[in-house]
2 protein chains.
Amino acid sequence: MSQRHTDVSVQFGDHACALAEVVDRVSGKWAIGVLVAAAAGPIRFTELERAVEGISRRMLTLTLRNLERDGLLTRTVYPVVPPKVEYELTDVARELNESLAGLTAWAERHRTTIALARKEYDAQHGNG
Amino acid sequence: MSQRHTDVSVQFGDHACALAEVVDRVSGKWAIGVLVAAAAGPIRFTELERAVEGISRRMLTLTLRNLERDGLLTRTVYPVVPPKVEYELTDVARELNESLAGLTAWAERHRTTIALARKEYDAQHGNG
DNA sequence: CGGTATCCGAGCCGATACTG
DNA sequence: CAGTATCGGCTCGGATACCG
């Protein structure tokens, strides 16, 4: 299994370290998407594949395994044919989603500002 | 200039997308560390280098440029000898730090739980 | 349906050396 | 003091093909 995250080891005593760890967890191109898609309730593999636009089967699997590993979601296999697997957020993950709300608010407040800042920066310094 | 982040383009309409963008911004091994180190007030390059344990000159520069590009910090050059450059968080970044507080709280609440979940997962599935 | 295996390019990041 | 340049390893992540 590939997908080992960067070693965000202890850079400072406590605060920043814990924060860096959680950010590292929801980093990567797909984790947030999966977390949000699963927020509504139990969801199947193929449903996730459709919900998270652009994700490949491989990356969905890896992302799910990582989240499962961190105890953020559960994987339930139903022994039926055709196979059926459901993923569901744990309570911990639901709390995480709530904690992320503040961040989402910030993002939506300053979205255009940041886009503008980028444009300016790229204009002044050479990026084209 | 290297350091182009992964393309977290529109995966779903609004919410998750904005969130994914901000997470992408504070991703990478060092951004959080720099953000936290600069939270106390204006800080010089070398001070940052010491504050963010383990960071290289190169990565500090790249991280600073990215944050500056996104309008999260300002770079002030004082024309003196020896050179003096100060970095300071913008108001937007300060708001961001506040929004991150909820996340930090979550991280500290569930830190051990998650570490445990990992251990269990790695024990059951083969990771060794 | 729900995965895995393999190949491969792109970019992050560290080490090292050099500069105004 | 505050950077930049270059090289190279490693991992992330896409494409494709295959399996129970």
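In what follows, chains carry the letters A, B, and so on, assigned in the order in which the sequence lines appear, proteins first and then strands, with residues in each chain numbered from 1.
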Going by heavy atoms closer than 4.0 Å, what residues in residues 79-88 of chain B are next to DNA chain D? Pro82(B), Pro83(B), Lys84(B), Val85(B), Tyr87(B)
Considering all heavy atoms, the nearest Arg44(A)-Pro83(A) contact: NH2-O, 3.3 Å
Listing request: all side chain to side chain donor-acceptor pair (under 3.5 Å) pairs with a residue in residues 92-103 of chain A, at least two apart in sequence or in separate chains. Glu95(A)-Arg109(B), Glu95(A)-His110(B)
If every non-hydrogen atom of Trp30(B) is compared with every non-hydrogen atom of Glu53(B), which pair is closest and at what distance? CZ3-O, 3.6 Å
Residue set satisfying side-chain contact (heavy atoms from CB on, under 4.5 Å) with Ala31(A), at least two apart, ordered chain then number -> Thr63(A)
Using the side-chain contact (heavy atoms from CB on, under 4.5 Å) criterion, which residues pair with Ala117(A)? Sequence neighbours excluded. none
How far apart are the closest heavy atoms of Ala18(B) and Ala107(A), and which atoms are they? O-CB, 3.5 Å
What are the two closest non-hydrogen atoms of Leu100(A) and Ile32(A), and how far apart are they? CD1-CD1, 4.3 Å
Between dT4(D) (C1') and Leu64(B) (CG): distance, integer Å: 14 Å
Are any protein N/O atoms closer than 3.5 Å to N/O atoms in nucleotides 15-18 of chain C? If there are, list each pair with its distance.
none

Sequence neighbours excluded, the answer for salt bridge (charged side-chain N to carboxylate O under 4.0 Å, His left out) partners of Arg57(B) is Glu49(B)
Side-chain N or O of Arg44(B) less than 4.0 angstrom from OP1 or OP2 on dC1(D)? no
Which heavy atom of Val22(A) sits nearest a heavy atom of Leu19(A), and at what distance? CG1-O, 3.0 Å
Ignoring backbone atoms, test whether Thr46(A) places a side-chain nitrogen or oxygen under 4.0 Å from the OP1 or OP2 oxygen of dG2(C). yes
note: Ile55(B), atom CD1; dA2(D), atom C1'; distance rounded to Å ~ 14 Å
Axis-to-axis angle for the helix from dC1(C)-dG20(D) to dG20(C)-dC1(D), ends of five pairs each, to 10°, equals 50°
Here the distance between atom C1' of dC1(C) and atom CD of Glu47(A), to the nearest Å, is 12 Å
Value in whole Å for how far the C1' atom of dT11(D) lies from NZ of Lys29(A): 15 Å
First encountered from the 5' end of DNA chain D, between Arg50(B) and Thr61(B): Arg50(B)
Enumerate, atom names and distances included, each donor-acceptor pair closer than 3.5 Å involving a side-chain atom of residues 85-93 of chain B, sequence neighbours excluded.
| from | atom 1 | to | atom 2 | distance (Å) |
| --- | --- | --- | --- | --- |
| Glu86(B) | OE1 | Tyr78(B) | OH | 3.3 |
| Tyr87(B) | OH | Arg65(B) | NH1 | 3.4 |
| Tyr87(B) | OH | Arg75(B) | NE | 3.2 |
| Thr90(B) | OG1 | Gly71(B) | O | 2.8 |
| Thr90(B) | OG1 | Leu72(B) | O | 3.3 |
| Thr90(B) | OG1 | Ala93(B) | N | 3.3 |

Of all heavy-atom pairs linking Ile114(A) and Asp70(B), the shortest is CG1-O, 3.7 Å
